[in-house]
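Some notes on the structure that comes next.
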Amino acid sequence: MKEKSDLLLFPNLLTLLRIFLIVPVLSCFHFQFWIWGLFLAILLFLTDFFDGYFARRLNQTSVIGSILDPIADKLVVIFLFLFLYLKGAAPAFYVGIVFLRDILQLSVIPVLMVWKKIPFFVKPKMIPKWGTTLNYILLLYYFWIHIGKSITSLATFTLFINVIEIPILIISSIIEVYILITFLPRYYQIYNRLHDTFE
């Protein structure tokens, strides 16, 4: 009963909003409603900051919130990068790394929670948080590139911001691989009840 009430806490509602905004964001970009698309995308990304902020500020942290937040992050990243890849706006190698990491991490829900009935906690350290932040920065960047190809007046500024792509892409790729390498042993430990927390 408590888990149901925890789901309705304000920070968790913000997290759910992030998931619900995925379809409107992609629809706006698909149908070339650029301003609405960017507005909703920025709102979507901001919910990732504000759900944690209000959880701490209002003392409304919860187990379900700690699990729901990374699920929301991964769903956003998977669906938005898939859209950008299909539009030719995001590199295949990076999308592949992101998909591998996020799908493996999402697999803990059916495997551990549903099948094995193993309780666990999610307390991400700074590097995974930076990984998600860089995911979001690259998503905004590739959406901008996608828009820039359609709006010629943005071409000059688009060329200017191109210089940030390679450094961020390299750093983000390294972080993605690091997270994946450290996640797999912890997954094994929790599966075998040798640990109880993903970090």
Test item: Ser172 side-chain N/O and Leu169 main-chain N/O as donor-acceptor pair under 3.5 Å: no
Do the side chains of Leu16 and Asn12 get nearer than 4.5 Å, heavy atoms only? no
Flag the pair Leu138 / Tyr94 as yes when at least one side-chain heavy-atom distance between them is below 4.5 Å, and no otherwise. yes
Aromatic plane relationship, Phe29 with Trp34 - under 30° parallel, 30 to 60° tilted, over 60° perpendicular: tilted
Once rounded to the nearest 0.5 Å, what's the spacing between atom CG of Asp51 and atom CG of Leu46? 11.0 Å
For Tyr191 and Trp115, take the angle between the two ring planes, folded into 0 to 90°, and tell me which bin it lands in: parallel under 30, tilted 30 to 60, perpendicular over 60. tilted
Under 4.5 Å between any side-chain heavy atoms of Leu40 and Leu44, yes or no? no
Heavy atoms from other residues, nucleotides or ligands near OH of Tyr85 exceed 12 (cutoff 6.0 Å): no
To the closest 0.5 Å, what do you measure between CD1 (Ile42) and CG (Leu140)? 6.0 Å
With a 4.5 Å cut-off on side-chain heavy-atom distances among I, L, V, M, F, W and Y, is there a chain of contacts connecting Ile166 to Phe143? no
Rounded to the nearest 0.5 Å, what separates atom CD1 in Ile174 from atom CD1 in Ile127? 11.5 Å
So do Leu84 and Val95 actually touch side chain to side chain, heavy atoms under 4.5 Å? no
Would you call the rings of Phe33 and Phe31 parallel, tilted or perpendicular, where under 30° means parallel and over 60° means perpendicular? tilted
For Pro128 versus Glu199, what's the shortest heavy-atom pair and its separation? CG-O, 4.1 Å
Is Lys117 reaching over with its side chain to a backbone N or O of Val114, donor-acceptor style, under 3.5 angstrom? yes
Please determine whether side-chain contact (heavy atoms from CB on, under 4.5 Å) holds for the pair Val25 and Phe83, giving the CA-CA distance in whole Å, both sets of side-chain angles, and the decisive distance to 0.1 Å. CA-CA 11 Å; Val25 167; Phe83 174 86; over 6 Å; no
Looking at CG of Leu68 and CG of Leu75, how far apart are the two atoms once the value is rounded to the nearest 0.5 Å? 9.0 Å
Look up atom CZ in Phe120 and atom CG in Leu112, then write down how far apart they are to the nearest 0.5 Å. 5.5 Å
Spell out, yes or no, whether Trp144 and Leu86 are grouped together once hydrophobic residues are joined by side-chain heavy atoms under 4.5 Å, including indirect joins. yes
Quick check for you: to the nearest 0.5 Å, what is the distance between Asp102 atom CG and Ile78 atom CD1? 5.0 Å
Single-linkage hydrophobic cluster Ile109~Ile190, side-chain heavy atoms < 4.5 angstrom: yes
Transitively linked via ILVMFWY side-chain contacts under 4.5 Å: Leu9 with Ile64? no
Within the structure provided, determine whether Thr15 and Thr47 are in side-chain contact (heavy-atom separation under 4.5 Å). no
Going by heavy atoms in the side chains, are Arg101 and Asn135 under 4.5 Å from each other? yes
Check this for me: Phe79, atom CZ, are more than 12 non-hydrogen atoms of other residues, nucleotides or ligands nearer than 6.0 Å? no
What's the shortest heavy-atom distance between Ile179 and Gly131, and which atoms? CD1-CA, 4.5 Å
Tyr136 side chain near Asp73 side chain, heavy-atom distance below 4.5 Å: yes
For Arg186 and Thr197, work out which heavy atoms get closest and say how close. NH1-O, 2.7 Å
Other residues, nucleotides, ligands: >12 heavy atoms within 6.0 Å of Leu194 CG: yes
Stepwise side-chain contact (heavy atoms from CB on, under 4.5 Å) test for Trp130 and Ile171: CA-CA 10 Å; Trp130 270 106; Ile171 294 169; over 6 Å; no
Please report the closest heavy-atom contact between Pro70 and Gly65, naming both atoms and the distance. CD-O, 4.5 Å
Over 60° means perpendicular and under 30° means parallel, so tell me whether Phe49 and Tyr53 are parallel, tilted or perpendicular. parallel
So, Glu165 and Tyr142: side-chain donor and acceptor under 3.5 Å apart, yes or no? yes
Flag side-chain contact, heavy atom, 4.5 Å: Phe45 against Val76: yes
Would you kindly confirm whether Phe99 and Val111 end up in one hydrophobic cluster when ILVMFWY residues are joined by side chain heavy atoms under 4.5 Å apart? yes
Working note: Phe39 + Cys28, criterion side-chain contact (heavy atoms from CB on, under 4.5 Å); need CA distance, chi angles, decisive distance, verdict. CA-CA 10 Å; Phe39 171 76; Cys28 285; over 6 Å; no
